[in-house]
Amino acid sequence: MKSEITISELARLMNVSVHQIRYFEEKGVLEPAYTSDNQYRMYGMDEIYRLSHILLLRKLGVPVGLLKECMDNYSADQSRHLLQHFLHDVEDELKRLEQLRQFIRKVLHEQQSYSSLSSPYAIKQRDAVHLARLVEMDPSANLGARQIVERARRVPHLFESDIHYVWDDSNRLTLYTETEAPGDLVMPEGEYLTLQRPADQDDEMDQMIEQFSNCAADQGYIIQGPMVLIEKSYLSLFSKHKLHYELQALISPTDRTCKEVRR
DNA sequence: TTTCTCACA
DNA sequence: TGTGAGCA
């Protein structure tokens with residue numbers, strides 16, 4: 001019995017397709033040990049080791065066109081450099097996946113805490129939040145795609161962020177995203193009255209702001225500083241065709257007995 | 001079962 | 001950079 005194996009046996013052994021082995025042959029990186037009388041390719045131990053080497057290099061991202069050069073001519077230094085480069089790529093990918101994992105956890109957490117609310121209104125104790133300015137709006141202008149493209153500072157993953165809409169005393173609107181301290185604006189630590197719900201951008205929004213102001217007045221809260229509208233667009237995954245908004249305002253600590261506001 | 005070739009993603 | 005199909 002011959003010790004060499006056929007292409008399908010080699011493919012099974014190395015967990016690749018027959019096609020792929022023939023493709024490596026076409027590219028000049030893996031020749032069979034010999035071709036039998038019936039034109040079948042036959043492979044021995046040398047070819048098995050060579051294929052395992054090829055597959056390892058492919059896993060490291062080496063293009064098929066470079067395999068031959070890499071296996072036959074690379075110095076130890078060149079091989080080490082190749083592995084270091086690949087390690088760097090893997091670390092970048094791990095970083096990307098870690099950020100993705102944290103984002104998914106945040107979305108699930110936000111959705112869970114929103115759906116467990118017994119009332120859209122709540123009082124929250126918040127730590128200071130530092131905000132970075134994104135776009136300043138003219139009072140008359142509407143926020144459109146063009147405006148975001150032209151005027152917003154580039155923010156990676158903008159629509160995965162909590163976008164803060166802040167109106168100043170002259171009713172000028174500025175958009176912010178959360179950032180590390182110091183940032184351009186600070187929402188101080190303290191107790192915030194909050195109203196959360198999905199809404200359409202215009203009509204329902206005005207209504208929401210009005211309701212919020214009325215609620216604060218009814219409950220005797222004194223609003224300190226600007227009212228902030230936080231857009232969590234990623235939560236619209238759970239409320240189709242509506243964006244999720246949370247209105248927040250720092251309240252003065254006149255009434256600490258009322259921890260939940262119902263309407 | 002394998003080879004080869006061509007089309008396709 | 002492979003894969004799928006058809007043919008001998």
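These numbers come from the heavy atoms of this one structure, side chains and all, not from hydrogens, waters or symmetry mates. Proteins get letters first, then strands, A, B, ... in listed order; numbering begins at 1 in each.
- Outside the 6.0 Å centre-distance limit, the rings of Tyr176(A) and Tyr165(A) are not counted as a close aromatic pair.
- The distance between atom CD of Glu26(A) and atom P of dT3(C), rounded to the nearest whole Å, is 13 Å.
- Atom CZ of Phe24(A) and atom P of dT3(B) are 16 Å apart (whole Å).
- In this entry the distance linking CG of Leu55(A) with P of dT1(C) reads 14 Å, nearest Å.
- For dT2(B), the OP1/OP2 oxygens have a side-chain nitrogen or oxygen of Ser8(A) closer than 4.0 Å.
- Rounded to an integer number of Å, the gap from OH of Tyr23(A) to P of dG4(C) is 15 Å.
- Between Arg22(A) and dG2(C) there is no side-chain polar atom (N or O) within less than 4.0 angstrom of OP1 or OP2.
- Nearest to the side-chain atoms of Ile7(A) among the listed nucleotides dT3(C), dT1(C), dT2(B) stands dT2(B).
- For Gln112(A) and Glu110(A), the side-chain atoms include no donor-acceptor pair closer than 3.5 Å.
- Minimum heavy-atom separation, Lys242(A) to Ser236(A): O-CB, 2.8 Å.
- Pair assignment for dT1(B): none, as no Watson-Crick or G-U wobble contacts are both less than 3.5 Å.
- The CD1-P distance, from Ile21(A) to dG2(C), rounds to 12 Å in whole Å.
- Among all heavy-atom pairs drawn from Lys232(A) and Gln196(A), the shortest one is NZ-OE1, 4.3 Å.
- If you take CD of Glu31(A) and P of dT3(B), they are 13 Å apart, rounded to a whole angstrom.
- When distances run from any side-chain atom of Val64(A) to the nucleotides dT1(C), dT3(C), dT1(B), the shortest one goes to dT1(C).
- Look at Gln39(A) and you won't find any side-chain N or O under 4.0 angstrom from OP1 or OP2 of dT3(B).
- Rounding to whole angstrom units, CG of residue Leu10(A) and C1' of dT3(B) are separated by 16 Å.
- Checking the phosphate oxygens (OP1, OP2) of dT3(B), a side-chain nitrogen or oxygen of Arg41(A) falls inside 4.0 Å.
- A salt bridge is absent between Arg12(A) and Glu9(A); no separation between the charged side-chain nitrogens and carboxylate oxygens falls under 4.0 Å.
- Checking dG2(C), dC4(B), dT2(B) against every side-chain atom of Tyr40(A), the shortest atom distance belongs to dT2(B).
- An OP1 or OP2 oxygen of dT1(B) is reached within less than 4.0 angstrom by no side-chain nitrogen or oxygen of Thr6(A).
- If you take NE2 of His19(A) and P of dA7(B), they are 14 Å apart, rounded to a whole angstrom.
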